[in-house]
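To start, the structure itself, in structure tokens.
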There are 2 protein chains.
Amino acid sequence: MAKTATGQVAAGAMIDEAAAVDIGELSQLVGYAVKRAQLKLYEDFLKCVAALQLTPAQFSVLLVLERNPGRNQTEVARALGILRPNFVAMLDGLEARGFCARSRSTTDRRSHELSLTEKGRVALLRARRIIASKHEARLSGLLGPDDRATLLRILGKIVREF
Amino acid sequence: MAKTATGQVAAGAMIDEAAAVDIGELSQLVGYAVKRAQLKLYEDFLKCVAALQLTPAQFSVLLVLERNPGRNQTEVARALGILRPNFVAMLDGLEARGFCARSRSTTDRRSHELSLTEKGRVALLRARRIIASKHEARLSGLLGPDDRATLLRILGKIVREF
DNA sequence: TATTGTTATACTCTATAACTATA
DNA sequence: TATAGTTATAGAGTATAACAATA
């Protein structure tokens, strides 16, 4: 009884055999807090879209292709912070599943103009709905609209100006 | 002249040859914003302590050992979210550099009681000073004390309750 | 039987150099 | 010569199974 593997105190003011390890000032370091939050959010995102077999990175590619049809691999990869060599296998996977297409540009035969297929559009629609109704909804419920907006504002400042 | 590789507009209202790719609603997804901010912060942290040859993960281990002497590998690894098998090589590296020590527990000869050496204490002191004066100082300067505290509060809520 | 530290291993991410075909 | 897509490859980081010593 009294399963206290994570160090919680059992009912009745019973002290756990081993006090919790103290991470000290680590919890006051922004980088550490961001890292821990990122792992939590990534894990939940993955669980939410598991049924669709999409990773956060794949989801982000579909989103960008929808909004930027005709762009080439270099442009899309750079916008998402993905290195061009690593983007190749990613696109291969999405293309093999029929979610997107490469077509040689007529004006520059080195480039591939990227586009979402109809199947890709459907997958993106489903994913977007699940993310909104499960993942983001739960997060908004926890934080409330004000804190959610504040968090986005502060993180955006770090991304753009730090 | 007019180095616009990243899509910035040059002086004189000159329009860049290729408009920036639009990442759309991605910028409104908390998970994406957190991920991008995490990469920025990690990169700067790494640059700041490059002279000391410490990664954020190694820094966090030294911090926890200082505040929790005598704990074993399982306890410290779990507090930091590191899997026990992966913690072995990490400790090997820190021990080889003389920053920490393992000693067999007298009460449970399976465990190693971990401790910081004097050399580890010195390295931690230096790292802490650099992080405070360079990394965190620059971030606080960008955000201001209120936004920094707010960010820590919201991220802490996600880590603990999401 | 359960736990600690450990080894082995595998899979994903990320990073760099270099090739090809085009420009 | 420079660029787009690609290949090969190497290094982190992370994950699980299993083993020896000990409880």
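Bear in mind that the values here come from a model prediction, so they are computed numbers and not experimental data. In what follows, every chain begins at residue 1, and chains take the letters A, B, ... in the order their sequences are listed.
- Rounded to an integer number of Å, the gap from A:Glu113 CD to D:dA4 P is 14 Å.
- Below the 3.5 angstrom threshold, one finds a donor paired with an acceptor across the side chain of B:Asn86 and the base of D:dA15.
- Rounded to an integer number of Å, the gap from B:Leu80 CG to D:dG13 C1' is 15 Å.
- For the side chain to side chain donor-acceptor pair (under 3.5 Å) test with A:Gln73, the passing option among A:Arg102, A:Arg78, A:Glu113 is A:Arg102; the others fail.
- C:dT14 atom C1' lies 13 Å from atom CG of B:Leu46, rounded to whole Å.
- The A:Asn72 side chain lies nearest to D:dA4 when the options are C:dT6, D:dA4, C:dT16.
- Both B:Arg84 and A:Thr55 lie close to DNA chain C; mapped to their nearest nucleotides by heavy-atom distance, the more 5′-ward contact belongs to B:Arg84.
- When every heavy atom of A:Leu65 is checked against every heavy atom of A:Ser115, the shortest pair comes out as CD1-O, 4.3 Å.
- In this structure, the CD atom of A:Gln73 is 13 Å from the C1' atom of D:dT7, given to the nearest Å.
- With C:dG5, D:dA8, D:dG5 as the choices, the nucleotide that has an atom nearest any side-chain atom of B:Val88 turns out to be C:dG5.
- For the pair B:Gln53 and B:Arg97, the minimum side-chain heavy-atom distance is below 4.5 Å.
- Atoms CZ (B:Phe87) and P (D:dT14) sit 13 Å apart, rounded to a whole Å.
- A straight line from CZ of A:Arg109 to C1' of D:dG5 spans 13 Å, rounded to a whole angstrom.
- The residue B:Arg102 sits close only to the backbone: its heavy atoms come under 4.0 Å of sugar-phosphate atoms, none of a base.
- Between A:Lys35 and A:Asp108, the residue whose closest nucleotide on DNA chain D is further toward the 5' end is A:Asp108.
- Note: B:Leu62 CG to B:Cys100 SG = 7.0 Å, rounded to the nearest 0.5 Å.
- If you measure from atom CD of A:Gln38 to atom P of D:dG13, you get 14 Å, rounded to the nearest angstrom.
- Nearest heavy atoms, A:Cys48 versus A:Ile131: CB-CD1, 4.4 Å.
- For A:Tyr42 and D:dG13, the shortest distance from a side-chain N or O to OP1 or OP2 is not below 4.0 Å.
- Checked by distance alone, A:Arg110 brings a side-chain donor or acceptor within 3.5 Å of a matching partner on the base of D:dT3.
- Regarding contacts with the backbone of D:dG5, a side-chain N or O of A:Thr74 is found under 4.0 angstrom from either OP1 or OP2.
- The CG atom of A:Leu83 sits 15 Å away from the P atom of D:dT6 (whole-angstrom rounding).
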